[in-house]
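Following: one structure in C-alpha cells, then a few remarks.
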Amino acid sequence: MDMNQPIGATPLDGKPDGLVGRPIDRIDGRLKVTGRAPYAYETRDLKNPAYGFLVEAGIAKGRIRSLDVSAAKRAPGVLLVMTHENVPEQGEKKEQVYPQLQGTEIRFHGQPIAFVVAQSFEQARAAAALVRAEYDVQTPEASLKAARPNAVEPKPAQTPPDSELGDFDGAFASAPVTLDVEYTTPVQIHAQMEPHATIASWEAGPDGDRVTLFTANQMLNRGQTSLASVLKLKPENVRLVSHYIGGGFGSKLQPQPEAILSALASRSLKRPVKVALTRQQEFHVATHRTDTIQRIRLGADETGRLTAIAHESWSATAPGDVFYETSAVVTRSLYAAQNRLTRHRLANLNVPIASAMRAPGEAVGQLAFECAMDELAEHLKIDPIELRIRNEPEQDPEKKVPFSTRQLVACMREGAQRFGWDKRGATGATRDGQWLVGMGMAAASRLNPLMPSQAGVRLNPDGTLTVRMAMTDIGTGTYTILAQIAGEMMGLPIERIHVEIGDTAYPKAAGSGGSFGAGSAGSALYVACDNLRQALLQSAGMNAEGATFSEGRVTSGNRSEALADLAGAQGVEAKGEIKPGAMKEKYSQHSFGAHFAEVGVDADTGEIRLRRMLGVFTGGRILNQKTARSQALGGMIFGIGAALMEAAETDTRYGYFVNHDLAEYHVPAHADVPAIDAVFLPELDDKANPLKSKGLGEVSICGAGAALANAVYNATGLRIRDYPLTLDKVIDGWNEREGAAQRRT
Amino acid sequence: MGSCAALATLGASLRGRAEAAPAAVDPQPQTMPVSLEINGTRHDLTLDTRTTLLDALREHLDLNGSKKGCDHGQCGACTVLVNGRRINSCLSLAVMHEGDSVTTIEGLADGDSLHPLQAAFLHHDGYQCGYCTPGQICSAAGMLSEVEAGWPSHVTDDLTRKASLTDEEIRERMSGNICRCSAYPNIVAAIRDASTKI
C-alpha cells in the first residue's frame with residue numbers, strides 16, 4: 001500500500017475494547033524480568049567464539065609513526081592482532097559506516113587503531129594494553145566556538161540546510177519588539193545501557209562468502225546494506241540478527257566499528273568473534289550528539305504576534321563526515337510568521353563522529369527555541385501559553401500545506417489545567433523554605449515520518465498466527481504492539497500470536513528510529529493481515545462484505561468458520577508492504593505535546609531539583625497505553641538530563657571527552673526523578689498511516705528540557721542560555737546580577 | 001561516589017588506549033579453583049584470577065541474566081545478591097567468593113512462579129529495553145532487605161527509627177541502578193507494590 005490518500009474506515013476503528021490500545025503487559029516481559037531475553041553478546045547460536053578487544057587512538061589528529069604489536073602478539077591466548085598493516089581489504093564507506101584501520105592518519109580521538117582477538121576476554125584485554133603506538137601529533141581543532149566563523153553549508157540531509165520565506169531582515173528591523181539571543185547545547189551521549197556488541201561469524205562458501213552478525217542494531221536492513229558495502233559482500237550474504245536490544249536512542253541506527261572489526265577478524269580466524277565496546281570506548285568509538293550554537297531572532301508586534309523568525313544552528317562532526325544537527329528544522333513548521341529564515345552550518349573538527357540521538361534536530365532545537373519563546377513572553381508580559389496560541393498557524397507556514405492533525409493548543413490547555421498553571425507566580429516570587437520555586441512550560445513537536453516496510457504473516461494449522469519481519473524492539477514495545485495489531489486484525493487472542501522479528505532473514509522492515517518504527521512496521525503488518533483476511537475469505541468462498549474476524553473465527557452472512565479450519569494442513573501465508581505516498585507531501589505531519597515542570601532552586605547553593613512534571617501529548621492512535629506512557633515518561637526524563645546534567649566536556653586541546661564514563665557523564669538516576677506523569681489526548685490521524693498512529697518515542701523529549709529551564713527562570717529570574725543548567729551557572733547569574741554584594745538568602 | 005576516583009584509575013589501565021608504556025611481557029594467566037553456590041547449585045570452577053564474578057556468570061556458567069553495562073560499578077546492571085546482599089558483580093573477582101551463595105535474576109523465581117518483584121516489574125512496565133532490569137530487580141530485592149534490617153539512607157530523617165518505604169526512600173536507595181530508558185516512575189511503583197507482597 002502506498003499512503004496516497006486518507007485511509008478511511010478500518011477494522012481497527014470503533015473498538016473501544018479491542019486489543020489495539022489496551023494497556024496489556026509486554027509479551028516479551030517475562031523473558032526480560034527473568035533474565036532470559038538474549039541480547040547480542042549473549043547468543044548461543046554461534047559456538048566457541050573468540051574474544052575481541054578494540055584499541056583506540058590516544059590522539060585526535062596526526063599520524064601513527066609506529067605501531068608495535070609484538071608484545072601483544074606474544075601475549076598468552078592471543079589469536080590475532082589486526083592493524084592497518086594487515087587488515088583485509090574493505091569496500092566503500094556507506095552513510096556513516098566507515099572501513100576500519102585504514103592507514104596511519106588519525107582524525108579523532110578514539111579512532112580504532114588495532115583489534116586484538118584472544119581465547120578469553122581477560123587475555124584480549126590484557127594484550128590490547130600491550131599495543132604501543134607512537135604518533136606524529138598535530139594540534140587538533142576541536143572547538144565549535146572557535147570554528148564557527150569558518151563553518152560551511154552542509155550537504156542536504158532529508159531537508160535542505162537553509163530555508164527562507166519573505167523578508168526576514170526587513171521585518172526584523174522594523175518589528176516593534178525584537179529578541180536576539182544565542183543558546184548553546186553541549187555534546188550529549190546516548191548512554192544506552194547495552195554497549196555496542198557483536199558476535200560475527202564469517203563463512204566462505206562456493207557461492208560467495210557470507211557473514212552472520214548477532215549485533216545490537218536498530219535498523220537491520222540499513223545495516224545490512226552498509227556492512228555489505230564495507231565488507232565487500234552482497235547484501236543478501238550479510239545477515240544481521242538482533243532479537244533484543246538494550247536501548248538505542250540512535251546510537252545503534254548504523255553498525256559501529258566493533259561490528260566491522262569482529263566480522264573481519266572472524267574471516268581471518270575462521271571462527272566466530274565476539275566483542276563489546278567498553279563503556280569508556282562508547283564515548284569516542286561510537287557516535288554522540290554534537291554540541292550546538294543556536295542563534296534565535298524573533299520579531300513581534302506588541303500583542304506578541306510574530307512577524308519574523310530566524311533560527312540558525314552550528315554543529316560539528318568528524319573530518320570527512322557530513323552529519324549535521326538539524327536544530328532549526330522544527331522551527332519551519334511550529335509557529336506562524338510571514339518572514340522566516342533557518343540556516344544550518346557545519347564544522348568538521350577533530351572530534352568523534354556525530355550522529356542522530358533521540359529526536360535529532362528537534363531535541364536541541366526546542367531546548368533553545370522554546371526558551372526564546374519564553375523570553376519573548378516574559379518581555380511582553382504575556383502568558384507563555386497565550387503567546388503560543390497567538391502564533392498558532394493555520395497551515396504549515398513554510399510548506400503551505402495543512403497539518404494532518406495539530407492539537408498543540410489542546411495539549412497546552414489540558415496540561416495547564418491538570419498542572420495548576422494558573423498558580424504560577426511572578427518571576428522570583430515563590431518560595432518554599434530554602435527553595436525558590438518556579439513553573440515553566442514548553443511546546444513539543446516532532447516530525448512523523450513513514451518508512452517503507454514489509455511484513456509476512458502465516459496462519460498456522462493450529463490456529464495460531466506467526467508474524468515475521470526484520471523489525472527491531474529497542475524497548476519501545478514493538479513485540480507487543482505488533483501482536484496487538486495482528487490479534488485485532490485477525491480476531492485472535494494475543495496468546496495465539498507469535499511475533500518473530502530481529503532477523504534480516506525476514507521481510508525487510510523499517511527498523512526502530514526517528515519515531516517511524518511502530519507506524520511503519522505496524523502498517524506493513526496491517527496490510528499483511530488485510531491481505532490474509534481477503535485470502536481466507538476467498539478460499540472459503542465467503543462474502544468479504546461485512547465479514548468480521550473475532551474470537552478465532554471469521555463470520556460473514558450466515559456462515560462462520562474457525563480460522564484453524566481455514567488454515568488447512570499447510571497454513572496460509574500473506575505478505576504486506578507499506579510505502580510513503582502523496583500524504584507525505586500533501587500534509588505536514590507531526591506529533592505534538594506540551595510539557596510542564598516545577599523546579600526548586602536552592603537559595604544558597606543554586607542546586608536545581610525538579611519537583612514535578614507533566615507531559616500532554618498527541619500521537620494519533622495509541623497502540624498500547626502502557627508502553628506508550630512508558631516511552632513518553634522516558635523521553636521527558638531524557639529532557640531532565642538535557643536540562644540539568646548531561647554534558648560530555650570536550651578538552652579542546654586534545655579533542656576528547658574528559659568525562660567518558662557513567663560516573664562522570666551524568667544521566668538521570670532514580671533520585672533525580674520525582675512524581676511525573678504523561679497523558680495522551682484522543683486522536684486519529686488518517687493521513688499518517690493505516691493505523692492512524694504517529695510516532696511517540698521522540699516527541700516526549702522535544703521541549704522537555706526547555707520546560708525545566710523556563711521553570712528555573714520563573715523561580716530565579718536567571719536566564720541561563722548554556723545547557724545544562726548547573727548550580728555554578730546559577731551562582732554566576734546571581735553574582736552578575738547582584739554584583740559583589742553578598743547575597744542574602 | 002567515594003570509590004569513583006579509584007575506579008577511574010582502574011579504568012585508565014583497562015581502556016586499551018595505546019599511549020602508556022606497559023610491561024614488556026604478559027605472564028601466563030594465573031588460575032585458581034573456586035567453588036560457588038549459584039542459585040542453590042554448587043559450581044566448581046577453575047578461573048583466570050582476573051575474571052570478575054559477572055564474567056564468571058556470563059562467560060563460564062551461561063547465566064547471561066546479569067548484564068554488563070559499564071564494567072566499573074557505575075550503572076548497576078550487574079547487580080546480584082551475594083549471601084543475601086546486593087553487590088555490583090563487575091567490581092568483584094570471582095575467586096574472592098569461595099563458598100559464597102550467589103543469587104542471580106535466574107534464581108529469583110520459584111520455578112514458573114515469578115518473584116513478586118518480577119511480577120510487579122512486568123505489571124507496572126518497570127522497564128523498556130530490559131537491559132538494566134535484572135540489576136534493578138536484584139537490587140530492589142537487596143534493598144528491601146536492607147530496609148527491613150533497619151538500615152537508614154541519605155534521606156532517612158530519623159536515624160533512631162526504622163525507615164518507612166516512602167517513594168523518596170526507594171528512589172534514593174535505588175539510585176545506583178541506572179535506567180537510560182528511564183522507566184524510573186514505573187520501577188518505583190513496581191517496588192512499592194511488590195514490597196507489600198514479600
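Just so we're on the same page: letters track the sequence lines, and every chain starts at 1.
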Worksheet item: Below 4.0 angstrom, N of the basic side chain to O of the carboxylate: do B:Asp71 and A:Arg279 qualify?
Response: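 Here B:Asp71 does not pair with A:Arg279 in a salt bridge, since their nearest N and O are not under 4.0 Å apart.
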Worksheet entry | B:Glu106 bridged to A:Arg36 by N-O distance under 4.0 Å |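 A:Arg36 and B:Glu106: not salt-bridged.
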Which residues in [range] have any heavy atom lying under 4.5 Å from a heavy atom of chain A?
range                       : answer
residues 76-86 of chain B   : none
residues 189-198 of chain B : none
residues 134-170 of chain B : B:Pro134, B:Gln136, B:Ile137
residues 32-44 of chain B   : none

Response to the item:
When the 4.5 angstrom heavy-atom criterion is applied to B:Arg173 and chain A, the contacting part is neither
Worksheet entry | Per-residue contact mode, B:Asp48 against chain A (heavy atom under 4.5 angstrom) | side chain
Heavy-atom distance under 4.5 Å between the side chains of [X] and [Y], does that happen here?
X        : Y        : value
B:Lys68  : A:Pro195 : no
A:His670 : B:Ile187 : yes
B:Pro185 : A:Val673 : yes
A:Asp25  : B:His123 : yes
A:Leu662 : B:His72  : no

Worksheet item: Among B:Asp112, B:Leu117, B:Asn177, which residue forms the greatest number of heavy-atom pairs with chain A at distances under 4.5 Å?
Response: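 Answer, by heavy-atom pair count under 4.5 Å with chain A: B:Asp112.
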Worksheet item: Highest number of heavy-atom pairs under 4.5 Å with chain A: which of B:Gly65, B:Cys179, B:Gly130, B:Cys132?
Response: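 It is B:Gly130.
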From [atom1] ([X]) to [atom2] ([Y]), nearest 0.5 Å:
X        : Y        : atom1 : atom2 : value
B:Lys67  : A:Glu42  : NZ    : CD    : 3.5 Å
A:Phe121 : B:Arg58  : CZ    : CZ    : 10.5 Å
B:Gln128 : A:Asp473 : CD    : CG    : 9.5 Å
A:Ile27  : B:Leu122 : CD1   : CG    : 11.5 Å
A:Tyr51  : B:Glu59  : OH    : CD    : 3.5 Å
B:Cys129 : A:Tyr244 : SG    : OH    : 12.5 Å

Which heavy atom of [X] sits nearest a heavy atom of [Y], and at what distance?
X        : Y        : answer
B:Gln118 : A:Thr34  : NE2-CA, 3.7 Å
B:Tyr131 : A:Tyr39  : N-OH, 3.5 Å
A:Phe249 : B:Arg180 : CE1-CG, 3.4 Å
B:Arg171 : A:Ala675 : NH2-N, 3.7 Å
A:Ala669 : B:Ser175 : CB-O, 3.9 Å

Worksheet item: If you count the non-hydrogen atoms of other residues, nucleotides and ligands that lie under 6.0 Å from NZ in A:Lys626, is the total more than 12?
Response: yes
Taking side chain as everything from C-beta outward and backbone as N, CA, C, O, which of these in [X] sits under 4.5 Å from a heavy atom of chain B? Side chain, backbone, both or neither.
X        : value
A:Ala37  : backbone
A:Tyr41  : side chain
A:Gln192 : backbone
A:Arg30  : both
A:Thr627 : both
A:Gln631 : both

Report yes or no: does [X] contribute a side-chain atom to a donor-acceptor pair with the main-chain N or O of [Y] at less than 3.5 Å?
X        : Y        : value
A:Arg26  : B:Asp125 : no
B:Thr133 : A:Lys32  : no
B:Tyr184 : A:Pro668 : yes

Practice prompt. Go through the steps to decide whether A:Glu664 and B:Gln74 satisfy the test side-chain contact (heavy atoms from CB on, under 4.5 Å), and finish with yes or no.
Written response: CA-CA 9 Å; A:Glu664 302 299 331; B:Gln74 300 169 345; over 6 Å; no
Worksheet item: For A:Met193 and B:Ile178, what are the C-alpha separation, side-chain angles and deciding distance, and is it a side-chain contact (heavy atoms from CB on, under 4.5 Å)?
Response: CA-CA 8 Å; A:Met193 296 308 297; B:Ile178 294 172; 3.8 Å; yes
